[in-house]
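Residue numbering restarts at 1 for every chain, and letters A, B, ... go by the order of the sequence lines.
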Protein chains: 2
Amino acid sequence: MILDSETKAAELPEDHGEELRLWLRLLTCTTLIEGEVRRRLRERFGVTMPRFDLMAQLDKVPGGMTLSDVSKRMMVSNGNVTGLVERLMESGHIDRRTSETDRRVQVIRLTRLGRADFRRMAAEHKAWIADIFADLADKDVRDLMRLLAKTKASARRARTTPLPPA
Amino acid sequence: MILDSETKAAELPEDHGEELRLWLRLLTCTTLIEGEVRRRLRERFGVTMPRFDLMAQLDKVPGGMTLSDVSKRMMVSNGNVTGLVERLMESGHIDRRTSETDRRVQVIRLTRLGRADFRRMAAEHKAWIADIFADLADKDVRDLMRLLAKTKASARRARTTPLPPA
DNA sequence: GCGAATTATTTTATATATAAAATAATCCCC
DNA sequence: GGGGATTATTTTATATATAAAATAATTCGC
C-alpha cells in the first residue's frame with residue numbers, strides 16, 4: 001500500500017465503515033421492534049403507536065402537559081402534536097384547557113377513559129417488550145443501557161458541534 | 001414483603017421495568033440520530049431520508065431490484081415504495097422496467113444522475129455518522145454491534161413466537 | 001391446460017410526519 | 001408603557017407511512 005507522504009500511521013485508515021454499520025444495525029433493531037409493537041397495538045387495541053406514545057407521556061404527569069412539552073418529549077414537530085391532540089380529543093382520551101396565566105398555552109390531560117385505556121394497554125405493552133428482549137441476559141441489558149447512554153450523549157454533542165469541513 | 005403462596009423466589013419480581021427502559025432508550029437514540037441525519041440531508045442536499053435510503057439500497061445492486069425486494073429490505077409497506085419510486089422517477093434518479101420473464105415485476109435502478117448524486121451524498125453521510133458516534137471507543141462499537149445483533153435475533157424470535165397468555 | 005392459490009404491484013383511505021409561514025399572546029427593556 | 005423580540009400553537013403544503021382491497025400475472029396441482 002502506497003501512502004501519501006502527509007499521512008501518518010496513527011490517523012491512517014479513516015474508513016468509518018464500522019460506525020456506518022453500527023448505525024444501520026441500530027436502525028434495523030428499532031424499526032423491527034417498532035413494527036412489531038405497532039402491529040400488536042393495532043391488532044390488540046386498535047390504537048396507533050403515536051397515540052399510545054402521547055398517552056404514555058400524559059400518564060406520567062397528572063396535572064397535564066403543554067403541547068410544546070409534548071412536542072419536545074416526543075421529539076416530533078409542533079404541527080404533528082396539534083393533529084394527534086385533535087384525534088385524541090375526538091375519541092375522548094384527553095381533554096384540553098387554556099392556561100389561565102398564559103393564553104397561548106394549551107394544557108392537555110388524560111381523561112378518566114384515557115387513563116383507564118392507557119393503563120390497560122401499558123400493562124400488556126410492557127410484557128411484549130419484556131418478551132422481545134427476553135433472549136438478552138441481565139448483563140446484556142445493563143451493558144446496552146450504558147452504551148446507548150454514551151451513544152445518546154455523543155449524538156447530542158454532534159448535533160450542537162458542527163463538523164469541521166473535510 | 002408478603003408473598004403469594006404460589007410465588008417462588010426464582011420467578012419473583014417479574015417487573016420488566018429494565019427492558020422497557022432499554023427500549024425507550026434505544027428508541028430515543030435512533031430518533032435523535034435519525035432526526036439529525038434527516039436535517040443534514042435536507043439542508044445540505046435537499047433530499048429526504050426515505051429517498052436517500054432507497055437510493056442506498058439500489059447503489060448496492062447494479063442490476064437493480066424489484067419493488068418487493070426494496071419493500072422487504074427497507075421494512076416498509078409496498079404502497080410506500082410505489083410512492084417513493086414515483087417521486088424518484090420524476091426527479092430522474094431512478095429508472096424502471098418491467099421484467100421480461102415476469103410481467104408483474106418492476107425492476108428499478110439508479111440512473112447515472114442518481115448514482116452520481118447518491119455517491120456524493122453518501123460520502124458526507126458517512127462522515128456525519130462517524131462524527132455522531134465519535135465519542136464511542138472501538139470496543140464500545142464492537143460491543144454494541146454484538147449486543148444489537150443479539151437484540152435483533154431476540155426481536156425476530158418474539159415476532160414469530162406468540163407470547164403465551166398471562 | 002384449467003382453475004385455485006399465490007405473488008407483485010397499485011390503489012384507496014387515512015394517519016403521521018415535516019418545514020415553513022402565519023397567528024396570537026407574552027416578555028423585556030429602555 | 002410601548003414596541004420589538006420571543007414563544008406557543010396552528011395552518012399550509014407536501015411527503016411518508018400504514019392497512020386493506022383491488023388488479024394483474026404467474027405458479028402449481030392434477
Using the closest heavy atom to pick a nucleotide of DNA chain D for each, name whichever of A:Arg38 or A:Ser68 lands nearer the 5' end. A:Ser68
If you measure from the Lys or Arg side-chain nitrogens to the Asp or Glu carboxylate oxygens, is any gap between A:Arg39 and A:Glu36 under 4.0 Å? yes
Quick one: are A:His16 and B:Ile129 in side-chain contact, heavy atoms under 4.5 Å? no
Does any part of the side chain of B:Arg119, heavy atoms only, come nearer than 4.5 Å to the side chain of B:Asp59, both counted from C-beta? yes
Specify the residue among B:Arg39 and A:Arg51 whose closest nucleotide of DNA chain C lies further upstream toward the 5′ end. A:Arg51
If the helix axis at each end comes from five base pairs, how far does the helix from C:dG1-D:dC30 to C:dC30-D:dG1 deviate from straight, to 10°? 30°
Using a 4.5 Å cut-off on heavy atoms from C-beta on, say whether the side chain of A:Val70 contacts that of A:Leu54. yes
Which protein N or O atoms sit under 3.5 Å from an N or O of nucleotides 2-5 of chain D?
none

Within residues 78-89 of chain A, those residues having any heavy atom closer than 4.0 Å to DNA chain D are A:Asn78, A:Gly79, A:Thr82
Test item: B:Arg73 and B:Met65 side chains (from C-beta on) under 4.5 Å apart, heavy atoms: yes
B:Glu100, CD: over 12 other non-hydrogen atoms inside 6.0 angstrom: no
For A:Arg96, answer base if it contacts any base atom (sugar-phosphate contacts may also be present), sugar-phosphate if it contacts only those atoms, and nothing otherwise; contact means non-hydrogen atoms under 4.0 Å. sugar-phosphate
Using side-chain heavy atoms (C-beta onward) and a distance below 4.5 Å, is A:Leu20 in contact with B:His125? yes
Nucleotide range of DNA chain C lying under 4.0 Å from chain A heavy atoms: C:dA15 to C:dT26
Using a strict cut-off of less than 4.0 Å between a Lys/Arg side-chain nitrogen and an Asp/Glu carboxylate oxygen, indicate whether B:Asp131 and A:Arg157 qualify as a salt bridge. yes
Residue of the set B:Asp135, B:Asp140, B:Asp143 for which salt bridge (Lys or Arg N to Asp or Glu O under 4.0 Å) holds with A:Lys150: B:Asp140
Near DNA chain C, which residues from residues 43-50 of chain A have a heavy atom under 4.0 Å away? A:Thr48, A:Pro50
Go through it in stages, so that I can follow the logic: the residues are A:Phe52 and A:Phe118, the test is ring pair (Phe, Tyr, Trp, His ring centres under 6.0 Å), and I'd like the CA-CA distance, side-chain angles, deciding distance and then a yes or no. CA-CA 7 Å; A:Phe52 180 82; A:Phe118 174 72; 5.2 Å; yes
A quick test of your reading: do over 12 heavy atoms of other residues, nucleotides or ligands sit less than 6.0 Å from CZ of A:Arg146? yes
Any Lys/Arg nitrogen of B:Arg21 or B:Glu18 sitting under 4.0 Å from an Asp/Glu carboxylate oxygen of the other? yes
Quick one: label A:Met74 by what it contacts on the DNA or RNA (base, sugar-phosphate, nothing), any heavy atom closer than 4.0 Å. nothing
Mind checking whether B:Leu58 and B:His93 have side chains closer than 4.5 Å, heavy atoms only? no
Using a 4.0 Å heavy-atom cut-off, does A:Thr66 contact any base of the nucleic acid, only the sugar-phosphate backbone, or nothing at all? sugar-phosphate
Residues in salt bridge (charged side-chain N to carboxylate O under 4.0 Å, His left out) contact with A:Arg109, at least two apart in sequence or another chain: A:Asp95
May I ask you to test the B:Thr28-A:Lys152 pair for a side-chain heavy-atom distance under 4.5 Å? yes
